[in-house]
Amino acid sequence: MEYRVSIHSEPDATRAIMQTRRSAAAAGFDATRVSILGTIASELVRNILKYAVSGELIIRDLDDHGRRGLELVACDQGPGIRDIAEALKDHVSTSGTLGLGLPGVKRMTDEFRIESEVGKGTTVTIRKWLP
Amino acid sequence: MTAGSDAARIPLQLLRGCLVASIQIDLSDEVLHLFQQDLLIALRDRRARAVILDLSGVRILDSSDFESILRTLRMARLMGAVPVIAGLRAGIAASLVELGASAADIATCITLEQAFELMERAPRQGT
């Protein structure tokens, strides 16, 4: 199964998060991991709204020879990220803000890929597999 | 549905001298902004000695929601009320730690009842 949710507003974000939770539960993730996947979706779509204004979240079931999982692809045509390495560093200390939340998203996933081009947009792809 | 003023509000109740906010709705920037306003006004008007934030009904809490909540609770403390977070779900706690969020300066407990016990044992502030 695959769901595509256009992200233009907070209600879209909520829809995307809830669909992620439903797909995660249907794939067999336990309650804690469903919640973690929901938070990941939330971080990704909030970044879209904050930095790119609009974009899309794709929620895809994975089945690799019986090994199940979930893939989230967050893409936008926003300003892009100039320095990806910098965006993946933790920034907790100085301002107390957590930046893009991307380092945390990366820690919570099994596979994490980010592609970004300045002026073109950003695509973040994550995968989480059932244990 | 889209007008800002129509955003759902988080109800506040005064119980045993503590202002209790029980979040049972999906959070957004607008909801959290109204919560900050409502809470700080209610603290002043009702002279609560503590703010207990019951998050047991919250299914999704990302880093920006959590930061907003922590800022509001720190404002409450500046006004003289002790802030407590109760009922964070396991998945949310796990996510927040991975996201690097920290609430070391805010007391937390599992249930609302424990939050009241904590408040009853705590020395009163500012006397």
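Reminder, nothing fancy here: chain letters follow the sequence lines and each chain counts from 1.
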Within the supplied structure, the quantity of interest is the number of heavy atoms (other residues, nucleotides, ligands) at a distance under 6.0 Å from [X] [atom1]; does it exceed 12?
{"X": "B/Q13", "atom1": "CD", "answer": "no"}
{"X": "A/R113", "atom1": "CZ", "answer": "no"}
{"X": "B/L15", "atom1": "CG", "answer": "yes"}

Option that, when pairs with chain B are counted at under 4.5 Å, heavy atom only, ranks first among A/R21, A/K106, A/R33: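 Heavy-atom pair counts peak at A/R21.
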Looking at A/T39, A/D30, A/I40, which one has more heavy-atom pairs under 4.5 Å with chain B than the rest?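 Maximum pair count with chain B is reached by A/T39.
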Please tell me if the side chains of B/E98 and A/I36 come closer than 4.5 Å, counting only heavy atoms from C-beta onward. no
Is the shortest heavy-atom distance from the side chain of A/E10 to the side chain of B/D26 under 4.5 Å?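 Counting from C-beta outward, A/E10 and B/D26 never come under 4.5 Å.
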Main-chain N/O of B/S63 paired to A/E43 side chain as donor or acceptor, under 3.5 Å: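 Between the backbone of B/S63 and the side chain of A/E43 there is a qualifying donor-acceptor contact (under 3.5 Å).
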For B/G100 and A/R107, work out which heavy atoms get closest and say how close.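 That closest heavy-atom pairing would be N-NH2, 3.9 Å.
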Locate the shortest heavy-atom distance separating B/L99 from A/G101; write the atom from each residue and the value. CD2-O, 3.8 Å
Where does B/L27 contact chain A at under 4.5 Å (heavy atoms): side chain, backbone, both or neither? backbone
Contact origin within B/L61 toward chain A - heavy atom pairs under 4.5 Å: backbone
Same cluster (ILVMFWY, side-chain, under 4.5 Å), [X] and [Y]:
{"X": "B/L73", "Y": "B/I110", "value": "no"}
{"X": "B/L118", "Y": "B/V82", "value": "yes"}
{"X": "B/I10", "Y": "B/L70", "value": "yes"}
{"X": "A/M1", "Y": "A/W129", "value": "no"}
{"X": "A/I114", "Y": "A/I7", "value": "yes"}

Neighbours of chain A found in residues 51-60 of chain B - heavy atoms under 4.5 Å: B/R59, B/I60
Proximal to chain A - members of residues 85-92 of chain B, heavy-atom separation under 4.5 Å: B/A90, B/G91, B/I92
